[in-house]
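Input: a single structure, listed below in C-alpha cells.
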Amino acid sequence: MIDIMAAHLRKSFETDRLLLKDVSFQIESGERVGLLGPNGAGKTTLLRILTGEVRPDEGSVTIAAGRRVGVVSQIPVFPADCTVYDVLRSAFEPVLAAGRELDELRETMEEDPSRAVLQRYDRLQAIFEAGGGYEWEVRLHKVANGLGIGPAMLESLFSDLSGGEQTRVNLGRMILEDTDILFLDEPTNHLDLDAITWLESYLAGFKGTVLTVSHDRYFLDRAITRAIELDNGEVSFYSGNYSFYVREKEARYQEQLKRYEKEQAKIAQLTAAADKMHLWAFMGNDALHKRAFSMEKRIERIRQTDRPKKEKRMTGRFEEEAFCGDRVLEIQGLEKSYGERILFRDLELQVEAGERIAILGPNGAGKTTLLRLLLDREPADRGWVRMGPSVKAGYLEQHIVFDEPDRTLVDTLLYAGNCSTQEARDRLAAFHFRGEDVFKTVRQLSGGERARLRLCMLMDAKLNLLVLDEPTNHLDLPSREWMEDAVEAFDGTLLFVSHDRYFIERFATRIWELRDGQLRDWRCGYARYQEQRERERQQPAAVPSAPKAPKKEKPETQRKRDQKAERKLAVLERDIGKKEEELQALETEMEAAACDYVRLNELLAEQAEKQAELEALYEAWEADAERLAAPESGSSGA
C-alpha cells in the first residue's frame with residue numbers, strides 16, 4: 001500500500017532559482033526513508049509540501065486515506081497556562097473523552113438501561129481499551145523518561161521552554177498519539193545521547209511509515225532503509241541505509257565518469273578521423289567527404305552522458321602554535337551551581353598535551369558551562385583553573401554570536417585579522433562563500449553559514465588548544481566530513497562537547513561523563529566507554545564496600561605514554577573499520593563482475609591485498625592493546 005505519493009512537484013522561491021524540478025516519488029506503508037542532500041537543496045521545503053504547510057507551484061501530494069500524520073517540525077500553539085504534562089496528555093484526548101462519556105453513560109444506565117445506551121457503552125468501552133485508556137499515564141511517563149523529560153520539566157509551562165525543548169516535547173506527543181506516518185525534521189538536534197538511543201529503539205519497533213531529514217549519520221544508519229537524495233532540484237533513489245548510500249553514490253559517480261570519458265574519447269577519435277577525411281577530400285578524393293559526413297552524423301547519434309559533478313570540498317585547515325610543556329589545563333576544587341541545583345563540585349582534573357577529550361552527559365548537565373569555566377568566560381563558585389603559559393585556545397561556541405552582525409563577511413574578516421581584501425575573499429572562498437555571498441551581512445546567514453564563518457576565522461589563528469561546543473550541529477553531511485578531516489590534521493589538544501556519535505567515536509581518546517552532579521573520567525575511546533557503561537547497567541547494584549585507598553598517580557612520563565597509546569588504538573580502530581568497509585564494497589563489486597573473468601581476477605588480487613592490510617592492522621591493534629594494559633575505567637572526579 002502506498003502511504004505517500006508526490007507527483008511532478010515544482011517549487012521556486014526566487015525567479016532565477018528552481019528549488020524543485022518535476023520531483024516525483026512514492027513511499028510504501030511501513031518504509032523508513034531518509035531525505036538527504038546538502039544545506040539549501042530544499043529538503044525542509046519538500047517536507048513542508050508533503051505535510052501541506054507549503055503549496056507547490058505545480059504537482060500534487062497524496063496521503064493515503066485514513067492515515068494519521070504526525071509532524072515533529074511543526075510546534076502547535078497551546079494555551080499560556082498549559083504545562084508540559086498537559087501537552088503530552090493531549091495525545092490521549094480522544095481516549096480520555098471516551099472515558100468521560102463512559103462515566104456519564106454509567107449514570108444514565110441506572111435510569112435508562114435501553115439497548116441503544118448499552119450498545120453505545122460497548123462501543124466506547126472498545127475505543128477506550130484499544131486506545132490504552134487504562135495505561136495511558138504509564139505510557140506518558142515512559143516516553144517522557146526516554147526523551148529526558150523529567151518531573152520538573154513536566155510541571156513547567158510549555159511556553160517557557162526553549163525551541164529545542166518544545167521540539168523534544170512535541171516529539172513525545174507525536175509518539176504518544178500512535179500516528180501512522182511520522183515526518184521528522186532533524187529529530188536528533190535537541191536530544192542528548194540517551195534520548196537519541198531511546199528514539200532509535202522506538203523507531204525500530206514502530207509499525208508505521210517514517211520520512212526523516214537528518215544529518216546524524218549513526219541515526220540514519222539505524223533508522224532508515226531507503227534514501228531519497230535531493231540535489232539541484234532533482235531526486236535520486238538508494239535502496240539502503242546511509243552507509244549504503246555513501247558507497248552507492250560514489251560507485252554511480254565513478255561509473256558515470258567512466259562512461260563520459262569513454263564517450264568523449266570516441267567522439268574525439270571520430271572527429272579527428274572526419275577532419276582528416278575532409279582534408280584528404282580537398283586533395284582530389286570527393287568520395288571521402290561522404291564518409292566524413294557519415295562519421296559526423298554518427299557522432300551526433302552518440303548518446304552523450306553529462307559529465308558528473310562533485311561538490312568541491314572546503315580546504316581550510318587549523319593553523320597550529322607550538323606548545324612548550326606537558327600540562328595544558330589543571331583543575332582544582334572546581335564547583336558550579338545555579339540556586340539549589342549543583343552542576344558539579346570538587347572537580348580535580350588535568351589535561352595533558354595532545355589529548356582528545358569528549359565531554360558527554362544529558363542535556364542540562366552543565367557541559368557548556370564547564371567549557372566556559374575552563375576558558376574563563378564564566379566565574380566558578382569555588383576552585384580554580386590554571387592554563388599552561390604557552391596555551392593558545394580557540395573556541396567554537398554552540399550558539400554563535402558576532403559582535404557586529406551588520407558587517408559584511410569580507411569586512412568581518414578584515415576587522416578580525418591582518419589581511420587584504422583579496423586574502424579575505426580567498427579565505428572565504430575556501431569555505432564556500434563565493435561571488436556575491438561575501439557581501440552578505442552576518443545577520444543574513446543561516447546557522448550553518450555562521451558556523452562556517454566562525455571556523456574560517458578560527459582556522460587563521462595559530463592554536464594549540466581547540467575547544468568545540470556541538471561543532472557539527474548546523475553543518476550538512478559534506479561540511480561535517482570536511483570538518484572531521486580538519487580536526488584529524490590538527491595535532492594540538494582537543495576538548496569538545498558533542499552528541500554526534502560518529503564525531504565522538506572518531507576523535508575521543510578520553511571521556512568526561514557529566515551526570516547527576518558527578519564527573520567520571522573514562523580514559524578510553526567511545527566504543528570502549530559504551531561497552532563498559534552497558535556492562536555496568538547489566539550488573540546488579542554492588543554492595544557498598546569499604547572505601548579503597550587512593551591509587552598512586554602514575555608518573556608524568558608513564559601517563560603521557562598511555563595517552564599516546566590510547567590515541568594510537570583509537571586511530572587503529574578507525575582504520576580497521578574503514579578497511580572492513582572497503583572489503584565489503586569489494587565483495588559487492590565482485591558479485592556484479594561474476595561474468596567478467598578479467599575484472600574478477602583484478603578484484604580478487606585487490607581483495608587479497610586489502611585482506612593482508614586488515615590482518616596487519618588487527619595484529620598492530622592486539623599488540624598495542626596488550627602493551628597498554630590500562631584499567632577499564634577512570635576514577636571519579638567528584
Side-chain angles (χ1 to χ4, degrees), residues 141-150 168 175 187-188 191-206 214 216-224 241-243 344 355-367 496-545 548 562 565-567 569-577 580-581 618 621-622 624-626 628-638:
H141 286 287
K142 185 177 179 182
V143 169
N145 289 337
L147 290 172
I149 302 171
R168 189 151 36 114
I175 289 170
T188 64
L191 302 182
D192 56 36
L193 290 173
D194 291 341
I196 293 171
T197 302
W198 181 89
L199 176 61
E200 289 170 350
S201 175
Y202 168 79
L203 291 177
F206 179 59
S214 178
D216 185 327
R217 289 157 289 187
Y218 264 56
F219 176 78
L220 289 170
D221 262 347
R222 288 160 173 73
I224 70 170
N241 62 6
Y242 176 74
S243 293
F344 41 80
E355 287 195 294
R356 299 191 164 200
I357 302 172
I359 304 176
L360 308 184
N363 287 339
K367 303 184 294 295
F496 66 95
V497 171
S498 181
H499 292 147
D500 185 336
R501 290 161 291 178
Y502 193 95
F503 190 90
I504 299 167
E505 183 168 357
R506 181 166 179 177
F507 295 112
T509 57
R510 181 179 175 187
I511 288 170
W512 291 350
E513 182 185 19
L514 196 55
R515 190 183 295 272
D516 301 325
Q518 302 288 318
L519 188 144
R520 290 188 68 182
D521 187 5
W522 302 78
R523 293 181 176 271
C524 59
Y526 183 62
R528 194 172 170 197
Y529 156 79
Q530 281 186 304
E531 291 172 6
Q532 292 167 19
R533 275 199 69 202
E534 186 60 32
R535 198 178 301 131
E536 286 184 1
R537 277 197 290 264
Q538 291 175 358
Q539 288 175 350
V543 178
S545 56
K548 295 180 180 178
D562 284 354
E566 287 166 358
R567 186 172 173 182
L569 273 178
V571 171
L572 281 170
E573 287 167 2
R574 186 179 65 251
D575 290 345
I576 287 170
E580 288 173 341
E581 287 178 5
Y618 281 142
W621 186 91
E622 288 171 7
D624 285 346
E626 288 176 8
L628 180 61
E632 288 199 342
S633 72
S635 58
S636 173

From [atom1] ([X]) to [atom2] ([Y]), nearest 0.5 Å:
X    : Y    : atom1 : atom2 : answer
D516 : F344 : CG    : CZ    : 14.0 Å
R168 : T188 : CZ    : OG1   : 12.5 Å
H499 : L191 : NE2   : CG    : 9.0 Å
N363 : L193 : CG    : CG    : 9.0 Å
I359 : L514 : CD1   : CG    : 8.0 Å
Y502 : Y242 : OH    : OH    : 7.5 Å

Just jot down the ring pair (Phe, Tyr, Trp, His ring centres under 6.0 Å) partners of F206, sequence neighbours excluded, or say none. Y202
Applying salt bridge (charged side-chain N to carboxylate O under 4.0 Å, His left out), name anything that partners D216, two or more places apart in sequence or on another chain. R501
Do we see a donor-acceptor contact under 3.5 Å between the side chains of Q532 and E536? no
Checking E355 against R523 for the side-chain contact (heavy atoms from CB on, under 4.5 Å) test, could you report, in this order, the C-alpha distance in whole Å, the side-chain angles of both residues, the deciding distance, and whether it holds? CA-CA 10 Å; E355 287 195 294; R523 293 181 176 271; 4.0 Å; yes
Do you know the tightest heavy-atom contact between L203 and A223? CD1-CB, 4.2 Å
Please tabulate, for the side chains in residues 141-148, all donor-acceptor contacts under 3.5 angstrom to protein atoms that are two or more places apart in sequence or on a different chain.
{"from": "N145", "atom 1": "ND2", "to": "H141", "atom 2": "O", "distance (Å)": "3.1"}

State, yes or no, whether a side-chain contact exists between P187 and F219 at a heavy-atom distance under 4.5 Å. yes
Identify, with sequence neighbours excluded, every residue that meets side chain to side chain contact (heavy atoms under 4.5 Å, CB included) alongside [X].
X    : value
A358 : L360, F496, I504, A508, I511
E513 : R515, R520, W522, Y529, R533
N241 : D221, I224, S243, F244
E531 : R535

